[in-house]
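Note that these values count all heavy atoms, side chains included, but never hydrogens, waters or copies made by symmetry. Each chain gets a letter, A, B and so on, in the order its sequence line appears, and its residues count up from 1. Keep in mind the model is a prediction, meaning the values are calculated, not measured.
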Amino acid sequence: MITQFANPLRFQKLSRPLLWISNIGALILSLWGLYLALIGSPPDYLQSETVRIMYIHVPAAWLAMLCYSSMAFAALVFIVWKHTLAGLYIRAIAPVGATFTAICLITGSIWGYPTWGTWWVWDARLTSVLILFFLYLGVVALCDAFENRDKSLTAAAWLCLIGIVNMPIIKFSVDWWNTLHQPSSLSSFSQIAQPAIAGDMLTPLLVMAGAYLCLFATLAIIRLNNEILLRKLENARLRESRA
Amino acid sequence: MTLFTGENLASVRNGRIIFETLSFALSGGDILALTGPNGTGKTSLLRMMGGLLDYQDGTMSWDGAPVTDSPPCHWLGAENPLKAKLSLWDNLAFWYGCLHSSCPPDAAHDSTHDKDSAILHAMEAMNIAHLKDTPLRYFSTGQKRRANLARLFLHHRPLWLLDEPATGLDFETKQILIAALEQHTKSGGIAVIATHRPDLWHANQNLDMREQQQSKPEVCLHTSAARTTNV
Amino acid sequence: MTLFTGENLASVRNGRIIFETLSFALSGGDILALTGPNGTGKTSLLRMMGGLLDYQDGTMSWDGAPVTDSPPCHWLGAENPLKAKLSLWDNLAFWYGCLHSSCPPDAAHDSTHDKDSAILHAMEAMNIAHLKDTPLRYFSTGQKRRANLARLFLHHRPLWLLDEPATGLDFETKQILIAALEQHTKSGGIAVIATHRPDLWHANQNLDMREQQQSKPEVCLHTSAARTTNV
Amino acid sequence: MMGSIIKRDWQDVRNNPGQALMTPVFFVLATLLFPLGLGTDPQLLTLAAPGLLVIAALFSSILPLETLFQADREDGTLDAILSSTGTLTFYTIGKLISHWLFCGLTLVLVAPAMAVTLGLGGYWLDVLYALLPATILLCLIGAFGSAITLGTKQGSILLALLVLPLYIPVMIFCAGAIDMIRAGESNFAPLLLLWAMAALAIPIMPLMIAAVLRFQIKT
Amino acid sequence: MMGSIIKRDWQDVRNNPGQALMTPVFFVLATLLFPLGLGTDPQLLTLAAPGLLVIAALFSSILPLETLFQADREDGTLDAILSSTGTLTFYTIGKLISHWLFCGLTLVLVAPAMAVTLGLGGYWLDVLYALLPATILLCLIGAFGSAITLGTKQGSILLALLVLPLYIPVMIFCAGAIDMIRAGESNFAPLLLLWAMAALAIPIMPLMIAAVLRFQIKT
Ligand code: HEM
Ligand SMILES: Nc1ncnc2c1ncn2[C@@H]1O[C@H](COP(=O)(O)OP(=O)(O)OP(=O)(O)O)[C@@H](O)[C@H]1O
Ligand SMILES: Nc1ncnc2c1ncn2[C@@H]1O[C@H](COP(=O)(O)OP(=O)(O)OP(=O)(O)O)[C@@H](O)[C@H]1O
Ligand SMILES: [Mg+2]
Ligand SMILES: [Mg+2]
């Protein structure tokens with residue numbers, strides 16, 4: 001499968017239909033999810049209306065983590081097998097992941113003000129997400145830090161690999177330390193049967209998560225194609241400057 | 001008439017006397033080749049001529065008047081003062097701005113007054129006009145060198161100071177440069193070239209730096225007034 | 001019998017294919033000269049031989065077995081890996097330590113086993129023994145180069161990889177190096193030299209990198225498997 | 001001349017904006033370190049905030065100094081400019097202006113946000129007023145240190161050791177200015193002092209820096 | 001191999017001790033900045049002291065990183081070692097040891113004095129205990145950042161941006177350890193965590209750093 005996509009040209013061909021699917025999916029799911037989140041779902045009994053922020057906040061957080069994990073995997077592939085596409089994937093995804101993280105941070109602190117009475121507290125969860133954000137920035141910075149483009153990508157890949165230690169910290173910080181932030185209520189699928197949050201809150205959450213996922217797929221495909229086109233442009237330049 | 005002269009110049013670099021009583025006299029149309037093994041002071045002398053190195057003793061004069069800062073020259077050192085991220089055009093535009101800020105073009109030599117045509121002319125002189133919008137980091141060694149040489153044509157300066165200009169140049173570019181030198185000297189210009197191959201440049205004067213060294217290398221305590229206080 | 005071979009090696013640097021199907025076969029006593037204009041890949045190939053550059057395609061083998069990290073070689077690049085603050089002796093002592101940690105001296109070639117005499121012997125081979133205790137920062141260009149060359153005599157390695165060894169050397173030092181090369185090859189050693197002057201080194205094989213370039217420069221997207229997926 | 005320097009640096013920044021943003025980003029990071037390190041006592045934080053803010057500005061203005069003149073030195077740009085125009089003054093002025101724009105002004109603009117996170121929300125405008133002259137001074141002093149250490153192989157550390165002591169007065173008055181406002185007093189005096197120092201440095205320092213660069217090249 | 005690396009660095013330091021002392025000196029300078037910047041309220045200072053101390057250690061351990069591998073890269077030492085020994089692992093280990101000795105241990109030894117000046121006099125031994133594992137971690141993480149950015153023309157600033165976020169956990173636990181002792185609690189937990197992290201990093205990081213250096217050379 002990976003090897004199927006590994007060839008950039010084949011990737012460009014295969015990605016077109018996928019792009020359509022993810023596009024339409026993002027549109028429909030986000031409309032439906034937003035309806036459920038803002039109108040179709042009841043206010044929380046103690047958080048009242050502010051709970052609706054959750055439907056933006058939580059999927060953003062999940063996607064932020066998903067982006068980084070996928071980047072780390074791509075990094076491994078790039079370092080071991082030197083598949084250019086994997087390197088380009090890191091380049092393409094880093095800004096997207098940074099954006100999701102920023103959304104998570106911003107909505108989180110907006111939510112924190114009414115519920116915790118402060119925009120920001122320095123607990124483990126919040127800090128680790130902040131670190132994640134800076135890791136994304138570091139990857140973006142490394143992606144064109146060197147004159148030699150292969151060097152830049154490999155360096156960025158190594159940073160991704162090191163940064164993976166931050167993932168479990170984010171995920172389990174709520175369980176390891178006693179934080180203001182509440183623990184995961186969807187940590188396992190067995191819980192989806194009887195989740196810690198009511199079903200009429202769970203459905204919009206999952207729908208929104210689906211919408212975010214489609215959006216992520218769309219952005220990933222588009223940006224990856226752009227990276228490939230940029231490569232080709234650069235190669236054209238190399239070709240003429242060789243003369 | 002002699003245009004550019006230096007009389008018993010002395011250079012001391014971190015305590016070692018490189019040369020002590022070096023003199024030269026150049027008139028319009030001359031090409032002076034500086035030769036000699038490594039470390040004998042070719043680059044040092046060239047820098048001195050360009051006002052890039054203090055000389056501990058002696059005098060230099062341009063057109064009769066003693067040189068204060070630097071004579072009206074083009075400096076072409078070992079490195080290429082070009083930015084990898086900028087396009088060729090932007091790089092040359094930068095140098096055009098620097099050169100013209102110091103002194104305006106004189107009608108005699110600079111045929112074109114407006115910026116764009118001057119830059120275009122310089123690029124064509126080194127035939128790299130097709131790379132106009134390419135960032136420098138995509139250039140090969142030789143092309144970078146050519147882009148650097150193009151600076152010589154942005155603005156006329158009577159004195160060219162070239163440090164091993166042949167490095168990194170392929171055959172035809174060498175030919176272009178030789179032709180350009182000829183053209184420059186014909187119009188009354190002067191060129192000083194530090195090189196390992198004097199034959200290449202049709203130099204009519206040759207200064208062998210090896211002969212400038214003292215038989216026994218003296219070492220002096222004072223960096224200033226080298227010749228007086230040897231120990 | 002051939003000792004050191006490479007078969008259709010390919011090198012891609014920064015997306016540009018330097019060479020694509022390059023092969024060589026060297027047996028004991030050979031001197032291979034790499035020639036060609038700047039930017040044609042002499043240094044790249046030399047680095048590849050020394051295990052200092054990944055090759056995108058092809059195979060290299062030493063004494064029959066494929067090369068994993070690097071063949072048993074001495075690397076002499078363009079720069080001198082010597083510390084300006086340390087004395088010549090300390091510098092060579094450092095390199096002695098590095099070389100002997102990786103593989104012990106073999107009785108066949110390294111006559112002397114103890115450290116001090118080995119270092120002394122190396123310094124004498126380049127006749128810089130009188131500079132023993134001088135910090136490197138006081139060395140001239142040529143002397144630095146000699147100190148670097150002295151590393152070759154600290155520990156016997158059958159393969160010498162030299163990148164433009166003549167730069168910065170005066171005449172007699174060149175002669176010393178040529179003699180040393182002769183002696184090395186007589187004892188069954190191999191030398192590969194990237195140079196602009198193949199005649200100087202009595203090379204019995206010559207690889208002109210210009211011929212290795214494709215007529216139309218291909219550029220590839222993939223860093224790996226360079227030859228398969230050109231665009 | 002000055003114009004073309006600034007234009008070139010601007011093009012350079014435009015071609016990879018990441019580089020220009022690094023200093024403010026580092027400033028943000030450095031400021032966020034303090035709440036993390038000092039623990040979550042908001043009261044303590046607010047008390048320390050002015051000093052911490054200025055110290056973060058100090059550190060983040062040290063890091064970009066090393067590369068300020070290095071590139072132009074190593075690729076021979078300084079040589080070519082000096083020998084073909086006879087002076088480095090205009091180059092230096094242009095360089096200083098662009099340096100302040102990218103490493104000083106950006107810092108000033110980010111500072112209010114940081115002031116909010118450190119609990120100085122009410123005084124963000126005063127923070128801005130105080131940092132404006134301070135960054136100018138930091139840039140000028142820093143550039144001087146960068147010129148003096150040009151060509152030493154020691155990296156930022158030597159530079160930091162030279163520059164930091166010279167930064168101290170600036171820091172004291174800048175922190176003082178913010179502190180006094182928070183204490184409800186008028187911070188006219190320290191601001192006046194900062195501006196006076198700036199007014200003194202702006203005409204003198206560029207010439208001194210140019211002279212140092214010239215000496216660096218010519219020996 | 002490792003031995004000769006350490007010996008060479010030691011000779012290098014002995015020939016100009018100023019270089020080795022720079023990091024601790026900068027640490028002292030940085031710590032002294034805080035009293036100057038925060039004003040002279042001793043109570044406030046003592047409260048903030050643990051965090052400030054650690055933050056100063058952070059900044060001063062960033063600055064020497066840039067030149068850690070640079071010299072050996074630029075003069076071809078890395079090339080020569082890799083091609084003639086086939087591996088950089090031993091080089092890296094030796095380099096890390098000497099780096100920690102000169103930029104980590106020195107810092108730990110100066111720290112107690114600084115603790116006293118910041119009003120932590122009673123707890124100087126705990127400061128020492130907490131900084132010991134912390135500096136080890138800082139050196140390993142920092143060396144990784146320095147290897148990754150080797151050859152970029154951007155100087156320390158990019159390096160700082162990469163390394164600082166990775167430093168944050170170390171800082172939190174180190175400051176926490178000192179803080180808890182001062183609060184009269186047992187700081188066993190954070191110290192244990194620091195040592196655990198160190199125990200994890202010491203075997204892994206050198207190999208990763210060597211691998212990064214290797215790729216830096218080979219591409
Ligand atoms: C800037 C502040 C915040 C950050 C950085 C943040 C970060 C995160 C992250 C990373 C997750 C994903 C956890 C996982 O997947 O296991 C998450 C989930 C969640 N966050 Fe936040 N959060 C913040 C503020 C808040 C606030 C103020 C609230 C509400 C009081 C909140 C409520 C939640 C909830 C309910 C979840 C879903 C937990 C689950 O069911 O898995 N967060 N947040
Ligand atoms: N920056 C410097 N500081 C101190 N001494 C120097 C410096 N550069 C060169 N030297 C010394 O000055 C002498 C002359 O150096 P110079 O570079 O002028 O020689 P060169 O003829 O140009 O050599 P090459 O042929 O390698 O260019 C040498 O002995 C050298 O050691
Ligand atoms: N570090 C690098 N990263 C990317 N490309 C490089 C790098 N070094 C060299 N190249 C490119 O590889 C090609 C070959 O370079 P190389 O140095 O091998 O040529 P060379 O024959 O050694 O030239 P010279 O005669 O100047 O030494 C050149 O086109 C150059 O642009
Ligand atoms: Mg020279
Ligand atoms: Mg070469």
Handout entry: Any pair counted as ring-ring contact (aromatic ring centres under 6.0 Å, His included), so long as it reaches residues 42-63 of chain D, sequence neighbours left out
Key = D:F59-E:F59
Problem - Leading residue by heavy atom contact count with chain D [cutoff under 4.5 Å; candidates E:L29, E:L44, E:V25] - result: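 Top option by heavy-atom pairs under 4.5 Å: E:L44.
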Exercise for the section: Name the member of E:L36, E:L33, E:I62 that forms the most heavy-atom pairs with chain D at distances under 4.5 Å. Expected result: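 That would be E:L33.
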Inter-residue atom distance [X].[atom1] - [Y].[atom2], 0.5 Å rounding:
| X | Y | atom1 | atom2 | value |
| --- | --- | --- | --- | --- |
| E:L164 | D:F26 | CG | CZ | 5.5 Å |
| E:I6 | E:L96 | CD1 | CG | 10.0 Å |
| D:I209 | D:F69 | CD1 | CZ | 5.5 Å |
| E:L140 | E:L200 | CG | CG | 11.0 Å |
| D:L159 | D:F144 | CG | CZ | 11.5 Å |

Exercise for the section: Side chain from CB out, backbone as N, CA, C, O: work out which of these in D:M22 comes under 4.5 Å of a heavy atom of chain E, or both, or neither. Expected result: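 Both the backbone and the side chain of D:M22 come within 4.5 Å of chain E.
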Handout entry: Side chain / backbone / both / neither for D:L161 at chain E, heavy atoms under 4.5 Å
Key =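 Contact with chain E involves both backbone and side-chain atoms of D:L161.
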Practice task
Answer with side chain, backbone, both or neither: which region of E:L32 has an atom nearer than 4.5 Å to a non-hydrogen atom of chain D?
Solution key: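 Neither; nothing under 4.5 Å.
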Using residues 49-57 of chain D as the side-chain source, report each donor-acceptor pair under 3.5 Å to any protein atom, sequence neighbours left out, with the distance given to one decimal.
none

Which side chain or backbone donor-acceptor pairs connect chain E with chain D at less than 3.5 Å?
from, atom 1, to, atom 2, distance (Å)
E:S156, OG, D:S156, OG, 2.6

Practice task
Apply side-chain contact (heavy atoms from CB on, under 4.5 Å) to D:A130 and list each qualifying residue two or more places apart in sequence or on a separate chain.
Solution key: D:C174, D:A177, D:I178, D:L191
